[in-house]
Amino acid sequence: SLLTQLNLLRQRKVFTDVLLKAGGRSFPCHRAVLASCSRYFEAMFSGGLRESRDAEVDFHDSLHPEVLELLLDYAYSARVIINEENAESLLEAGDMLQFHDIRDAAAEFLEKNLHQSNCLGMMLLSDAHQCRRLYEPAWRMCLADFAALVKTEDFLRLPGDKVQELILSEELEVEDESLVYEAVIDWVKADTERRRELPRLLRCVRLALLPEAYLLKTVASEELVMCHKLGREIVEDAVRCKTRILQNDGIVTGFCARPRKVSQALLLLGGQTFMCDKVYVIDNKTKEITPKTDIPSPRKECSACAIGCQVYVTGVEGSENGASKDVWVYDTLHEEWSKAAPMLVARFGHGSAELDHMLFVVGGHTSLAGSFPASPSVSLKQTNKWTLVAPLREGVINAAVVGAKNRLYVVGGYCGAQRCKTLDCYDPASDSWDSVTSVPYS
């Protein structure tokens, strides 16, 4: 092909008319080839300026030589291999040198590999290079997973304008506004130079949505807040709004009392037979139930749990009383299914719940010994690994499992042939179970 012959000429340095340099390496090239796939080089070589006549173009250290080599290989072959190691660099270089096909392909790769652990970095990267394709899903994930992200070093390193943009958003997914307030305080405390930014950020927190006791005892006693004149005024205004709300004193229209527009959706897993084969969504306005996606393989007696933007579907009853270790994950942002690490023990008829952004799976049947007496498992979402934790005191099947206030609760279901009569609580700090109370049925 024509590109193949041009590439051979480049390798033999025949008819090359420009020398690109980066990081101490040199790359002989043909101006016509570069201009045909890069608007940057087209403008450089046809502009009539001094650069259009120079025999060398030196990028110095602004461009890594290996990345430049990948761009040139693409220019002479129309092919490039994008992976986790080079995707970010190719997006940056593709944007800088206006290799738009490379930039878009790198953005597509990064979008498909978007995760809670990298969404803040991808949001900043795509914003710096005005790459809307990557920025929009990264931004949505930052809003949806805010509760987990505020505990990371990436959040503490964010520039102030991005912190403000996040906490100002009506779509920020938080169940408790105290999380937003504490995120602001932690971010400011991470660098003493940020103290002057506190009033600006504090205005973005819906302080009047906080519980009265928290507002008066925690916020109003925070030295970092009250040492600012503006900080004191913001808190005093929030206290007045809160008082009016509690006294039902007319309509409170202040920004500090405006509820966020949380865009949570209710998903149902089910089917028209005894098999669970579809995910349905309930429209918040019309209350209509419509199919959203098919489950990759129909299953029976599985369990489902949402963590951030992802729904984890675990286990399945197989043929001949078998069980499965399968874990399928539905990404609600990208509307795609993928497989996570399989559970350590195959099971069905179990329960699952989220606690501190980790997935717990409790009880159920196994293919080996009926009711599973000993051990829920916890999956670390960030590392995609399962770990056995303290066992339940008694095997349970078809129980309800829920996480609340840093504890995991299990209630109902059957212990063997008998209905379970206790509410059990798991404390992850001590890795232990306790019976909290008996349930009100015989």
Item to complete: Determine, step by step, whether L149 and C119 satisfy the side chain to side chain contact (heavy atoms under 4.5 Å, CB included) criterion, reporting the C-alpha distance in whole Å, the side-chain angles of both residues, the deciding distance to 0.1 Å, and the verdict.
Response: CA-CA 9 Å; L149 296 175; C119 62; 3.6 Å; yes
Indicate the atoms forming the closest heavy-atom contact of [X] with [Y], along with that distance.
X	Y	answer
Q164	C204	CG-SG, 3.6 Å
L97	L63	CD1-CD2, 3.8 Å
Y181	T218	OH-O, 4.2 Å
V401	G351	CG2-CA, 3.7 Å
L134	A107	CD1-O, 4.1 Å

In the structure I gave you, are the side-chain heavy atoms of [X] and [Y] within less than 4.5 Å of one another anywhere?
X	Y	answer
V279	V311	no
L114	M122	yes
K339	V327	no

Worksheet item: Hey, mind stepping through I167 and L201 against side chain to side chain contact (heavy atoms under 4.5 Å, CB included) and telling me if it holds?
Response: CA-CA 8 Å; I167 64 175; L201 296 177; 4.3 Å; yes
When you check the side-chain N and O atoms of [X] and [Y], is any donor under 3.5 Å from an acceptor?
X	Y	result
Y135	H129	no
S89	H64	no
D101	Y74	yes
H60	S62	no

Would you say [X]'s side chain and [Y]'s backbone share a donor-acceptor pair under 3.5 angstrom?
X	Y	answer
R299	S297	yes
E354	L359	no
R347	G364	no
N113	F109	yes
N118	H115	yes
W386	A341	yes
N86	N83	yes
R194	W187	yes
D17	A32	no
W433	A390	yes

Worksheet item: Would D73 and R79 count as a salt bridge (charged side-chain N to carboxylate O under 4.0 Å, His left out) if you check the C-alpha gap in whole Å, the side-chain angles of each, and the deciding distance to 0.1 Å?
Response: CA-CA 7 Å; D73 287 343; R79 296 177 184 176; over 6 Å; no
Item to complete: Give a yes/no verdict on a cation-pi contact between R10 and Y76, requiring under 6.0 Å between NZ or CZ and the six-membered ring centre and an angle within 45° of the axis.
Response: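 Yes, R10 and Y76 form such a contact.
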Practice prompt. Please confirm whether R31 makes a cation-pi placement over F41, using NZ or CZ under 6.0 Å from the six-membered ring centre and within 45° of the ring normal.
Written response: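 No, R31 does not lie over the aromatic ring of F41.
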[atom1]/[X] to [atom2]/[Y] distance, rounded to the nearest 0.5 angstrom?
X	Y	atom1	atom2	result
C37	L3	SG	CG	9.0 Å
E212	L215	CD	CG	8.0 Å
R195	C227	CZ	SG	6.0 Å
K300	C276	NZ	SG	12.0 Å
L91	M96	CG	CE	13.5 Å
K278	D294	NZ	CG	3.5 Å

Salt bridge check: are [X] and [Y] linked by an N-O gap of less than 4.0 Å?
X	Y	result
D186	K189	no
D427	R407	yes
R133	D104	no
E66	R25	no

Practice prompt. Decide salt bridge (charged side-chain N to carboxylate O under 4.0 Å, His left out) for E173 and R260; before the verdict, give the C-alpha distance in whole Å, the side-chain angles of both, and the deciding distance to 0.1 Å.
Written response: CA-CA 8 Å; E173 299 274 0; R260 297 184 186 273; over 6 Å; no
Worksheet entry | salt bridge (charged side-chain N to carboxylate O under 4.0 Å, His left out) between R103 and E108, worked out | CA-CA 9 Å; R103 181 200 60 191; E108 181 181 3; over 6 Å; no
Item to complete: Start with the C-alpha gap between L207 and L202, add the side-chain angles, then the distance that decides, and say whether side chain to side chain contact (heavy atoms under 4.5 Å, CB included) holds.
Response: CA-CA 8 Å; L207 292 174; L202 205 57; 4.3 Å; yes
[atom1]/[X]: more than 12 non-hydrogen atoms of other groups inside 6.0 Å:
X	atom1	result
N406	CG	no
D61	CG	no
R39	CZ	no

Item to complete: Could you give me the CA-CA distance, side-chain angles and deciding distance for W328 and Y312, then say whether side chain to side chain contact (heavy atoms under 4.5 Å, CB included) is met?
Response: CA-CA 6 Å; W328 282 94; Y312 288 74; over 6 Å; no
Worksheet entry | Derivation and outcome, ring pair (Phe, Tyr, Trp, His ring centres under 6.0 Å), residues Y426 and F360 | CA-CA 11 Å; Y426 173 72; F360 284 77; 5.8 Å; yes
Item to complete: Go through the steps for D176 and S178 under the test side chain to side chain donor-acceptor pair (under 3.5 Å), then give the verdict.
Response: CA-CA 5 Å; D176 188 341; S178 65; 3.0 Å; yes
